[in-house]
There are 2 protein chains.
Amino acid sequence: MPTAELSYQEAKELLIQAWGTLGSHWGINKTMAQIHALLLISPESLTTEQIMEELHISRGNANMNIRALMDWGLIHKTHKPGDRKEYFSSEKDMWEITRQIARERRKRELQPVIKVLGQVENIKDDRTAHTKELKQVTKELKFLVGKADSFLNMVTGFDQSRFFNFLLRLKK
Amino acid sequence: MPTAELSYQEAKELLIQAWGTLGSHWGINKTMAQIHALLLISPESLTTEQIMEELHISRGNANMNIRALMDWGLIHKTHKPGDRKEYFSSEKDMWEITRQIARERRKRELQPVIKVLGQVENIKDDRTAHTKELKQVTKELKFLVGKADSFLNMVTGFDQSRFFNFLLRLKK
DNA sequence: TTTTATTTTCAGAAATGTTTGAAAATTAGA
DNA sequence: TCTAATTTTCAAACATTTCTGAAAATAAAA
């Protein structure tokens, strides 16, 4: 059975929904991801009003999630001459978006955990099996989370062409 | 100020809490992460009863999250001779845990999104700017998510030393 | 300055996710 | 088979997160 061609509207809703679901697996709430998807596929920048209408959400909700997206560095505020409203637009370069997400997740998730693991590693050794196991597990956990941190740090340092080389080598 | 040495109990609680926080950024609920942490640092396998007592949770809650952890392939059921109860133990090899998580997240998160992006890509081209933008963004998104999928697939296929050697080569 | 457009805040409402506990189902041994 | 130990289910209670909408704050124009 061949896949039916989707209309623009159907495709747009599917994409916004899919991006929302993926986002919610990544500690980003659904609305935040949906606003991001909407701005990502919009050729022009949009006002809060337009975002509210398009996604059927309240002003407060729109405002809050727009600010969160700006905190993540994924969207930006712009102005139009002779217009008092604020317009929002997404960074469109997919690699830049990837780098920005890598940068924020390192800072928000990995680094706090690495700090805690460092403390736990410092436990007083009373030579019991339980303490031994806790120390061993913590050491291995810290090693692995540390590697993930280095990897994301590397991503933020790479430019696009180095990234493409990296992808090529991934092929096998 | 030098960091004070933690007691076993303090360290254990810190670790369980840290693992829970990291887990919650990964679509895993608090109790599920706590049970996993508890089994990870426990030298012996534990019964449902012991897990309930240790974490102060109900039988239903324990049962449900134990099953979820088994679905993820992170813990296993064992039996002791002459004992009717089920005992649970965590996979201890940290690299094996990483591979298992990579395998599941590919299946649960990336592959469904890739499928949707394939559908959206198939949109009827009406030559408007909006359609053009949607197609372009979808194509780039699919490329990127596809690469993330290949990367996780590689993790599941490599052994630890091979994987870290691979990452080392990327450094420069 | 005053008026008007726009953005931000936040208390309560709604929605979603988690936990409980007791009853039902299952399983193994007698 | 029957009995007793153990596991599973699930409706209702509880907790947490997200969303709303109207009021307050801000900023630009008159």
Side-chain angles (χ1 to χ4, degrees), chain A residues 16-17 19-39 44-72 74-89 108-109, chain B residues 16-17 19-39 44-72 74-89 108-109:
Chain A
I16 286 175
Q17 139 82 26
W19 202 233
T21 304
L22 190 61
S24 72
H25 286 291
W26 287 72
I28 282 171
N29 88 36
K30 203 178 93 237
T31 304
M32 190 172 155
Q34 288 180 336
I35 294 174
H36 187 224
L38 179 64
L39 291 174
E44 327 82 26
S45 52
L46 302 178
T47 62
T48 301
E49 211 76 37
Q50 291 174 300
I51 292 168
M52 286 165 59
E53 192 177 315
E54 192 82 48
L55 300 177
H56 309 102
I57 60 175
S58 71
R59 185 173 302 285
N61 196 9
N63 184 269
M64 178 180 143
N65 285 291
I66 285 168
R67 267 185 304 118
L69 281 166
M70 288 196 292
D71 283 350
W72 273 77
L74 293 175
I75 69 173
H76 301 284
K77 193 187 283 195
T78 57
H79 288 93
K80 294 201 175 177
D83 192 339
R84 204 148 129 182
K85 290 196 219 58
E86 293 176 339
Y87 285 78
F88 301 96
S89 58
R108 291 168 192 238
E109 297 166 31
Chain B
I16 285 175
Q17 135 83 24
W19 198 235
T21 304
L22 192 61
S24 74
H25 287 292
W26 289 68
I28 284 170
N29 87 37
K30 197 179 98 239
T31 303
M32 190 172 156
Q34 286 180 335
I35 294 175
H36 187 224
L38 179 64
L39 291 174
E44 327 83 25
S45 53
L46 303 178
T47 62
T48 301
E49 212 76 37
Q50 291 174 300
I51 291 168
M52 285 164 60
E53 193 178 312
E54 189 83 46
L55 300 176
H56 308 101
I57 60 175
S58 72
R59 185 172 301 284
N61 195 10
N63 184 269
M64 177 179 147
N65 285 291
I66 285 169
R67 267 185 305 117
L69 281 165
M70 289 196 291
D71 282 350
W72 273 79
L74 293 175
I75 69 174
H76 301 286
K77 194 187 282 195
T78 57
H79 289 92
K80 294 200 175 177
D83 192 339
R84 200 148 132 186
K85 289 196 218 58
E86 293 176 337
Y87 285 77
F88 301 96
S89 58
R108 290 166 193 240
E109 297 165 29

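Convention: sequence-line order gives letters A, B, ...; per-chain numbering from 1.
- Computed from coordinates, the B/I66 CD1 to C/dT20 C1' distance equals 15 Å when rounded to whole Å.
- At the heavy-atom level, A/R67 lies under 4.0 Å from the strands shown only through sugar-phosphate atoms.
- Among the protein residues, B/N29 comes within range of the sugar-phosphate backbone only, with heavy atoms under 4.0 Å from sugar or phosphate atoms but none that close to a base.
- Whole-Å rounding puts the A/H56 NE2 to D/dT20 C1' distance at 15 Å.
- Two residues are said to be in side-chain contact when any heavy atoms from C-beta on lie closer than 4.5 Å; A/M70 and A/F88 meet this criterion.
- Among the nucleotides C/dT6, C/dT19, D/dT9, the one closest to the side chain of B/N65 is C/dT19.
- Residue-level contact check: B/H79 touches neither bases nor backbone, having no heavy atom under 4.0 Å from any strand.
- Neither OP1 nor OP2 of D/dT6 sits under 4.0 Å from any side-chain N or O of B/T48.
- Nearest-nucleotide assignment on DNA chain C puts the 5′-proximal partner with A/R59, out of B/A62 and A/R59.
- Within the 3.5 Å criterion, the main-chain N or O of A/R59 finds no donor-acceptor partner in the side chain of A/N63.
- Between the CE atom of B/M52 and the C1' atom of D/dT8 there is a distance of 13 Å, given to the nearest Å.
- If you run side-chain contact (heavy atoms from CB on, under 4.5 Å) between A/L46 and each of A/I35, A/I66, A/L39, A/I75, only A/L39 comes through.
- Atom pair B/K30:NZ and C/dT20:P shows a separation of 9 Å (rounding to whole Å applied).
- Protein atom CG of A/N61 is 16 Å distant from nucleotide atom P of C/dA14, rounded to whole Å.
- Counting distance only, with no hydrogens placed and no angle test, the side-chain atoms of A/R84 and the base atoms of C/dT7 include no donor-acceptor pair under 3.5 Å.
- Of the residues near DNA chain D, A/G82 and B/M64, the one whose nearest nucleotide (by heavy atom distance) lies more toward the 5' end is B/M64.
- A donor-acceptor distance shorter than 3.5 angstrom exists from the side chain of B/Q50 to the backbone of B/T47, with no hydrogens or angles considered.
- Atom CD in A/Q50 sits roughly 11 Å away from atom P in C/dT7 (whole-Å rounding).
- Protein atom CG of A/N63 is 14 Å distant from nucleotide atom C1' of D/dA23, rounded to whole Å.
- Between the A/S24 side chain and the A/K30 main chain, no donor and acceptor come within less than 3.5 Å of each other.
- Nucleic acid contact class of B/E86 (heavy atoms, under 4.0 Å, all strands): sugar-phosphate only.
- For A/T31 and D/dC19, the shortest distance from a side-chain N or O to OP1 or OP2 is below 4.0 Å.
- D/dT7 atom C1' lies 14 Å from atom CG of B/D83, rounded to whole Å.
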